[in-house]
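Each ligand, and each atom within it, is numbered from 1 in the order the structure gives. Values below: all heavy atoms of this structure, side chains included; hydrogens, waters and symmetry mates excluded. For clarity, every value in this text was computed on a predicted model and none was experimentally measured.
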Amino acid sequence: MKHTDPAIRVMMMPRDTNVHNTIFGGVILSHIDQAGAIGARREGCRRVVTVAMDKIEFHKPVHVGDVVSYFTEIVKKGRTSITVRVCVESDRFDTHENVSVTSANVTYVNINKDGKPEPIEG
Ligand SMILES: CC(C)(COP(=O)(O)OP(=O)(O)OC[C@H]1O[C@@H](n2cnc3c(N)ncnc32)[C@H](O)[C@@H]1OP(=O)(O)O)[C@@H](O)C(=O)NCCC(=O)NCCS
């Protein structure tokens with residue numbers, strides 16, 4: 001299922017920049033990981049850990065003041081694991097132009113309190 005409401009929407013701040021004054025890629029990666037986990041929880045997972053993230057390419061830079069949205073879509077639901085596609089779009093601060101920044105498939109494992117894989121509900 002594809003969600004049209006973003007799992008996360010964040011305005012980027014000066015603290016998020018790299019030495020070139022664009023947004024540091026690691027900040028976006030962190031948000032992708034969080035958004036995917038939220039997407040997994042929407043599908044019946046309770047406690048998840050990230051086990052894998054596929055290759056990722058950044059197509060456009062993100063700037064301070066941009067509002068970045070993270071949309072999720074379930075790619076694969078296994079017994080204890082779930083793969084979530086996270087699509088990242090940036091709404092430009094000055095122009096409101098909406099640009100596609102990147103996307104990634106992230107796999108999470110649903111775990112119990114002992115950190116062992118547990119079947120996903122639903
Ligand atoms: C995730 C973790 C609990 C899996 O434990 P495990 O004993 O290897 O689990 P299993 O081999 O039984 O696999 C469990 C599920 O994960 C899937 N899986 C395991 N490794 C995978 C990988 N590299 N890529 C994709 N899926 C993977 C399996 O296919 C299985 O899915 P299914 O039940 O839907 O068929 C364990 O590897 C772990 O704790 N890793 C660290 C996670 C973490 O801390 N992440 C944050 C890092 S800071």
Side-chain angles (χ1 to χ4, degrees):
M1 176 185 173
K2 185 172 186 173
H3 292 280
T4 49
D5 57 321
I8 302 178
R9 183 165 273 158
V10 190
M11 178 180 268
M12 304 315 296
M13 291 291 160
R15 64 167 180 249
D16 301 318
T17 56
N18 56 31
V19 293
H20 318 294
N21 265 342
T22 57
I23 299 303
F24 177 51
V27 172
I28 304 291
L29 291 177
S30 172
H31 291 166
I32 286 173
D33 199 9
Q34 288 178 49
I38 291 168
R41 283 180 57 84
R42 285 171 166 174
E43 298 295 323
C45 296
R46 292 187 175 214
R47 184 191 307 260
V48 292
V49 285
T50 310
V51 71
M53 188 182 288
D54 71 0
K55 178 186 164 190
I56 181 159
E57 285 178 30
F58 290 96
H59 307 299
K60 301 275 184 186
V62 178
H63 305 289
V64 171
D66 286 5
V67 175
V68 184
S69 299
Y70 299 77
F71 296 93
T72 64
E73 182 178 5
I74 303 308
V75 174
K76 184 181 159 203
K77 198 168 173 181
R79 196 177 78 87
T80 66
S81 70
I82 187 165
T83 301
V84 183
R85 183 165 187 77
V86 182
C87 297
V88 184
E89 296 180 9
S90 189
D91 191 56
R92 297 297 193 211
F93 177 71
D94 287 333
T95 62
H96 278 296
E97 182 193 4
N98 190 265
V99 298
S100 173
V101 173
T102 188
S103 63
N105 286 356
V106 192
T107 302
Y108 302 87
V109 178
N110 192 49
I111 55 165
N112 62 21
K113 285 185 178 167
D114 299 321
K116 302 293 180 205
E118 182 167 88
I120 299 168
E121 288 176 11

Practice problem: Decide if atom NE2 of His96 counts as having more than 12 heavy atoms of other residues, nucleotides or ligands within a radius under 6.0 Å. | Solution: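 It does not: His96 NE2 has 12 such atoms or fewer within range.
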Quiz prompt | Selection residues 91-119 - residue pairs positive for salt bridge (charged side-chain N to carboxylate O under 4.0 Å, His left out), sequence neighbours left out | solution =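 The answer is Asp66-Arg92.
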Check ligand 1 for N or O atoms under 3.5 Å from a protein N or O and list each pair with its distance.
unit_1, atom_1, unit_2, atom_2, d
ligand 1, 31 (O), Ser81, OG, 3.0
ligand 1, 33 (O), Thr80, N, 2.9
ligand 1, 33 (O), Thr80, OG1, 2.6
ligand 1, 34 (O), Arg79, N, 2.8
ligand 1, 34 (O), Thr80, N, 3.1
ligand 1, 34 (O), Ser81, N, 3.0
ligand 1, 34 (O), Ser81, OG, 2.7
ligand 1, 45 (N), Thr50, O, 2.9

Quiz item: Taking all non-hydrogen atoms of both residues, which atom of Tyr108 and which atom of Gly36 are closest, and how far apart?
Solution: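 So the minimum-distance heavy-atom pair works out to OH-CA, 3.1 Å.
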Quiz item: With side chains defined as the heavy atoms from C-beta onward, is the minimum distance between Tyr70 and Asp33 less than 4.5 Å?
Solution: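 Counting from C-beta outward, Tyr70 and Asp33 never come under 4.5 Å.
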Exercise. Using the test salt bridge (Lys or Arg N to Asp or Glu O under 4.0 Å), find all partners of Arg79 that sit at least two apart in sequence or belong to another chain.
Key: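 With sequence neighbours excluded, Arg79 shows a salt bridge (Lys or Arg N to Asp or Glu O under 4.0 Å) to no residue whatsoever.
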Quiz item: Apart from Val109 itself, what residues make up its hydrophobic cluster, given side-chain heavy atom links below 4.5 Å?
Solution: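 Val49, Val51, Ile111, which link up through side-chain heavy atoms under 4.5 Å apart, make up the rest of the cluster.
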